[in-house]
Undergrad: 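Quick one: the structure is below, questions incoming.
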Amino acid sequence: MTISRRGLLTAGAAGSALGLLSACGSNTGRGDGSGGGPKLSQWYHQYGETGTEQAVKKYAAAYEKAAVSVQWRPGNYDQQTAAALLTDSGPDVFEVNGPSLDMIQGGQVADLTDLLKGVEDDFNQAVLAPKRHDGKIWGIPQVIDMQMLYYRKSLLDAAGVKPPATLDELVDTARKLTTKKVKGLFLGNDAGAGVLGGTPLYAAGLSLVTEDGEVGFDDPAAARALGKIHRLYADKSLLLGAPADWSDPSAFTQGLTAMQWSGLWALPAVKKALGDDFGVLPFPKEGAQGKPSVPVGAYAAAVSTRSRHQQAGKDYLKWLWVERTDYQEDFALSYGFHIPARISLAKKAAKLREGAAADAVRFTTEHGYAQPLLWTPAAQTAYQDALNRIIKDGANPDSELKKVVRKVSAELDRVKKK
């Protein structure tokens, strides 16, 4: 099974490690690196982008202060890593969709705050925020993935509509763009319940979790926003049953839909198919207190506290993800289409300077939000189930969200007491 970087935008936190130790195996990979000094094992999840594995092995081989051996880990990487961190056979340094709150509170990952001294402000703050806890940084963001709205310029022009700037306009525009052959909007084959997540809440000026650790959507504006997503479904403006889901731009490029929610990774394929006949937007704002919303995510590099060479691991990660900006740009843009986690790199990267790519960088910097560290899998499940009922079944948004607020509030109380 191959996993692309886009998976982290919709995936939950790492699952339970119980019963999974056998999945990790006994081969730690230590001892195969080409450098001198301590022997370090580095884990990555298996990317679906050609050349990425060879690239990270090239980076490791170039490091001279340790012998770094890279392991490319297929399968359920998050669960494998969670299990391995409980043993002495896990990695010294590793890529992680997190680190999760359980890893941090369990003392499984090392404090990396000092590695970012002098450059912390140069990292995109939206993706750095979930790597912080108790005033410390527990993971270094590697590259950013983000989602945005693609629209077909010629189809909007033909319908006499402008790119939507508000959620009301999105609903209205999608309806006007819908014909017998083309749907107005594609949010995924489940009508958006899976991919949208907290995006409509942030568009309404709310959040999943507040800065002080409370429920961020206990507000009537949340119900109004989600009710308008149901309106898209009820109006039959949404494309359903497409051959490929939201992460693939083929429904958009083949003319099945006039607008599609997808990711930055789709941009090269869209541009190749449509030339300049498209534009991109953040998720439109909702209400007077609203603001455009862009979900972002970033895998992080972390150090295991079970490593016998923690300082060597920290030194290596500082070299790779702080000092070697050439490798950081290469990793982001040579084997896929992503944004470097460093703001300065994103601004100067040639592939991100013009057109829709430059818009995406701006959206990420100005409107980006990441799933909060305190947002647990149980909270995600409760919210996801309610969102599905609201969008597809027409369930009452107020009553559904009240139940979710109670569940999430209890979850936040639980994790904050640890």
Side-chain angles (χ1 to χ4, degrees), residues 2-7 9-10 47-52 143-164 170 173-192 194-196 199 232 237-284 292 294-297 332-339 346 349-364:
T2 59
I3 307 170
S4 76
R5 288 176 244 199
R6 70 197 65 160
L9 287 174
T10 51
Y47 288 81
E49 298 162 332
T50 302
T52 311
V143 297
I144 300 171
D145 274 318
M146 55 85 73
Q147 297 166 8
M148 58 187 175
L149 182 67
Y150 291 81
Y151 65 91
R152 189 79 174 265
K153 292 179 180 179
S154 59
L155 294 181
L156 269 68
D157 288 343
V161 295
K162 295 180 179 180
L170 179 66
T173 300
R175 184 177 63 251
K176 290 179 178 178
L177 289 168
T178 298
T179 67
K180 292 182 179 180
K181 295 183 178 181
V182 180
K183 287 292 187 178
L185 177 62
F186 185 41
L187 296 175
N189 285 325
D190 63 355
V195 67
L196 288 181
T199 302
L232 287 161
S237 300
L238 296 179
L239 174 65
L240 302 171
D245 215 339
W246 66 271
S247 62
D248 189 309
S250 57
F252 182 65
T253 59
Q254 293 172 12
L256 302 180
T257 181
M259 299 184 290
Q260 178 173 336
W261 187 254
S262 191
L264 176 64
W265 55 82
L267 182 57
V270 171
K271 188 168 182 60
K272 181 178 180 180
L274 301 180
D276 294 327
D277 187 22
F278 77 97
V280 294
L281 295 169
F283 193 88
V294 173
V296 299
L333 290 163
S334 295
Y335 317 99
F337 208 72
H338 313 273
I339 300 174
K351 293 181 179 180
L352 300 175
R353 286 181 187 170
E354 298 178 348
D359 290 338
V361 173
R362 178 169 54 84
F363 298 160
T364 299

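Keep in mind the model is a prediction, meaning the values are calculated, not measured.
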Undergrad: Could you pull out the closest heavy-atom pair between D190 and L187, with the gap in Å?
TA: OD1-O, 4.2 Å
Undergrad: Does the side-chain contact (heavy atoms from CB on, under 4.5 Å) test come out yes or no for M259 and T173, once each step is laid out?
TA: CA-CA 10 Å; M259 299 184 290; T173 300; 4.1 Å; yes
Undergrad: Just do the side-chain contact (heavy atoms from CB on, under 4.5 Å) check on T178 and S237 with the steps written out, would you?
TA: CA-CA 6 Å; T178 298; S237 300; 3.8 Å; yes
Undergrad: Check whether any side-chain heavy atom of L264 sits under 4.5 Å from a side-chain heavy atom of M148, and report yes or no.
TA: yes
Undergrad: What closest approach, in Å, do L185 and Q260 show between heavy atoms, and which atom pair accounts for it?
TA: CD1-N, 4.3 Å
Undergrad: Could you pull out the closest heavy-atom pair between P163 and L281, with the gap in Å?
TA: CB-CD1, 3.8 Å
Undergrad: Does any non-hydrogen side-chain atom of V294 lie less than 4.5 Å from one of P282?
TA: yes
Undergrad: L156 and L177: side-chain contact (heavy atoms from CB on, under 4.5 Å), yes or no, with the steps?
TA: CA-CA 7 Å; L156 269 68; L177 289 168; 3.6 Å; yes
Undergrad: Taking the side chain as every heavy atom from C-beta outward, state whether L352 and F337 have any atom pair closer than 4.5 Å.
TA: yes
Undergrad: Check D245 against F186 and note the closest heavy-atom contact, atom names and distance.
TA: C-CE2, 3.8 Å
Undergrad: Would a distance-only check, ignoring hydrogens and angles, find a side-chain to backbone donor-acceptor pair under 3.5 Å from W265 to S247?
TA: yes
Undergrad: Quick one: closest heavy-atom pair of K176 and V161, and the distance?
TA: CD-CG1, 3.7 Å
Undergrad: Look only at the side chain of K351 and the backbone of L333, and say whether a donor-acceptor pair between them is shorter than 3.5 Å.
TA: yes
Undergrad: Apply side-chain contact (heavy atoms from CB on, under 4.5 Å) to the pair L232 and R175, showing each step before the final yes or no.
TA: CA-CA 8 Å; L232 287 161; R175 184 177 63 251; over 6 Å; no
Undergrad: Going from CG on L239 to OG1 on T257, what distance comes out if it is rounded to the nearest 0.5 angstrom?
TA: 5.5 Å
Undergrad: Parallel under 30°, tilted from 30 to 60°, perpendicular over 60°: which one fits the rings of W261 and F283?
TA: perpendicular
Undergrad: Using a 4.5 Å cut-off on heavy atoms from C-beta on, say whether the side chain of R152 contacts that of D277.
TA: yes
Undergrad: Compare all side-chain heavy atoms of Y150 with those of L267 and state whether any distance is below 4.5 angstrom.
TA: yes
Undergrad: Is any side-chain heavy atom of F278 closer than 4.5 Å to a side-chain heavy atom of F252?
TA: yes
Undergrad: Taking the side chain as every heavy atom from C-beta outward, state whether Y151 and P164 have any atom pair closer than 4.5 Å.
TA: no
Undergrad: Is the backbone of L240 close enough, under 3.5 Å, to the side chain of N189 for a donor and an acceptor to pair up by distance?
TA: no
Undergrad: Would you indicate whether the side-chain heavy atoms of L256 and P243 approach each other to under 4.5 Å?
TA: yes
